[in-house]
Amino acid sequence: PAKKRRPVSGAAVLREQRSVPRSQMEVEHAYALLSCGDADSALQICDRLLRKEEGEGCESVVVNALKYKAEALVALERADEALQPLDDLIRLVRAGIAQCGAGTSPGSDAAQTQELQRGLSEAVCNRSLVLACLDRHAAALSSAKHALELAPHSAAAAYNHSLLLWQQGQKLEASSQWMRHRGFQQDLAACRRHHSRALQHLNELPAHAND
């Protein structure tokens, strides 16, 4: 028979809550507010956290506060202001990667470096979306390409890069990019051949076939 679980006392719950740093609870509160659509309150919390945590290095609280601040600014239709926290975030994560590479970061290892690399790709990817919102399409496409180079297996990076290519009118390149990511071994030349054959087939159809 399955063992009965001992009930958790209220005191134990309180001890567990006290073990979570207040700044971590605040950044999670900012995330919850963003999820509920209260971007203004989330922004206030992030600004307060960033003032308090200034100079603390590549801590998760600072990283998430910068990330959520950028998201809040975009939600408030202040996309032009969102670039600065994203740039700060990118610099911070790059510094963390450099420390891991030099072995100067506590507990630095390959797994931590890969995690930071994914975080960097996500930040660069978000930056490309903000640039697209500001109609800076060439810069957005360049940033999206860089995000994909940082994390070639990231579905979000591949999707955003393909989407921006498509929006720029580079539809064959976008299709080829997305198919490669999905595991279809199709290059751009093959896409062009298929596209050309499809157009030829359509042109050869009798007029009544299109009715």
Side-chain angles (χ1 to χ4, degrees), residues 13-102 104-134 136 139-140 142-144 146-151 154-157 159-161:
V13 173
L14 287 174
R15 282 197 300 272
E16 185 177 347
Q17 288 177 341
R18 289 193 192 104
S19 68
V20 179
R22 180 176 177 81
S23 56
Q24 183 62 43
M25 294 177 66
E26 286 189 81
V27 83
E28 290 175 2
H29 185 203
Y31 174 75
L33 288 168
L34 268 176
S35 301
C36 295
D38 190 354
D40 191 55
S41 297
L43 179 59
Q44 292 178 36
I45 291 175
C46 290
D47 279 335
R48 184 172 66 250
L49 280 170
L50 291 170
R51 286 193 298 269
K52 185 172 64 174
E53 301 289 331
E54 189 175 2
E56 290 296 316
C58 192
E59 298 290 339
S60 62
V61 169
V62 179
V63 167
N64 285 324
L66 287 168
K67 176 184 173 182
Y68 298 151
K69 177 177 180 176
E71 291 182 13
L73 287 167
V74 171
L76 293 168
E77 299 184 356
R78 294 160 58 184
D80 55 325
E81 298 176 52
L83 287 175
Q84 186 60 57
L86 285 172
D87 288 341
D88 292 343
L89 173 57
I90 289 168
R91 280 193 293 271
L92 195 61
V93 178
R94 284 190 190 280
I97 292 172
Q99 288 177 359
C100 284
T104 58
S105 177
S108 58
D109 55 23
Q112 185 179 1
T113 301
Q114 289 178 357
E115 183 179 352
L116 287 169
Q117 198 81 7
R118 286 192 294 270
L120 178 59
S121 174
E122 181 184 354
V124 174
C125 195
N126 289 341
R127 188 177 189 275
S128 74
L129 296 176
V130 172
L131 287 167
C133 289
L134 297 171
R136 294 170 58 181
S142 176
S143 190
H146 182 41
L148 187 58
E149 289 168 349
L150 289 166
S154 168
Y159 176 80
N160 287 332
H161 185 229

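All residue numbers in this chain count up from 1 along the given sequence.
Contact check for E122 versus V93: no side-chain heavy atoms found under the 4.5 Å cut-off. With contacts defined as side-chain heavy-atom distances shorter than 4.5 Å, the pair D38/D40 qualifies. Using a 4.5 Å cut-off on side-chain heavy atoms (C-beta onward), L92 and D88 make no contact. Considering only heavy atoms from C-beta on, L43 comes within 4.5 Å of R78 through its side chain.
Rounded to the nearest 0.5 angstrom, Q44 CD and L33 CG are separated by 9.5 Å. Atom-to-atom distance recorded for C133:SG and E77:CD is 10.0 Å, nearest 0.5 angstrom. Note that the CG atom of L89 and the CG atom of N126 stand 8.5 Å from one another [nearest 0.5 Å]. Here the NE2 atom belonging to H29 is positioned 10.5 Å from the CG atom belonging to L34, to the nearest 0.5 angstrom. Here NZ of K67 is found 11.5 Å from SG of C46. Values are rounded to the nearest 0.5 Å. Residue H146 holds its NE2 atom at 10.0 Å from CZ of R127, rounded to the nearest 0.5 Å.
Shown here for S154 and L148, the closest heavy-atom pair between the two residues is O-CD1, 4.3 Å. Between A123 and L86, the closest heavy-atom pair is O-CD2, 4.2 Å. Residue S121 comes nearest to A151 through the heavy atom pair OG-CB, 3.4 Å, listed as atom of the first residue, atom of the second, then distance. Nearest approach of I45 to E26, heavy atoms of both residues: CG2-O, 3.5 Å. Across all non-hydrogen atoms, the minimal contact from S60 to Q24 is OG-OE1, 3.6 Å.
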**OP:** Carefully, step by step, assess L116 and L120 under the rule side chain to side chain contact (heavy atoms under 4.5 Å, CB included).
**Re:** CA-CA 6 Å; L116 287 169; L120 178 59; over 6 Å; no
For residues 68-75, please give each side-chain donor-acceptor pair under 3.5 Å, one per line with the distance, not counting sequence neighbours.
residue	atom	partner	partner atom	Å
K69	NZ	D47	OD1	2.9

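With hydrogens and angles ignored, the 3.5 Å screen pairs no side-chain donor or acceptor of S143 with any backbone N or O of A139.
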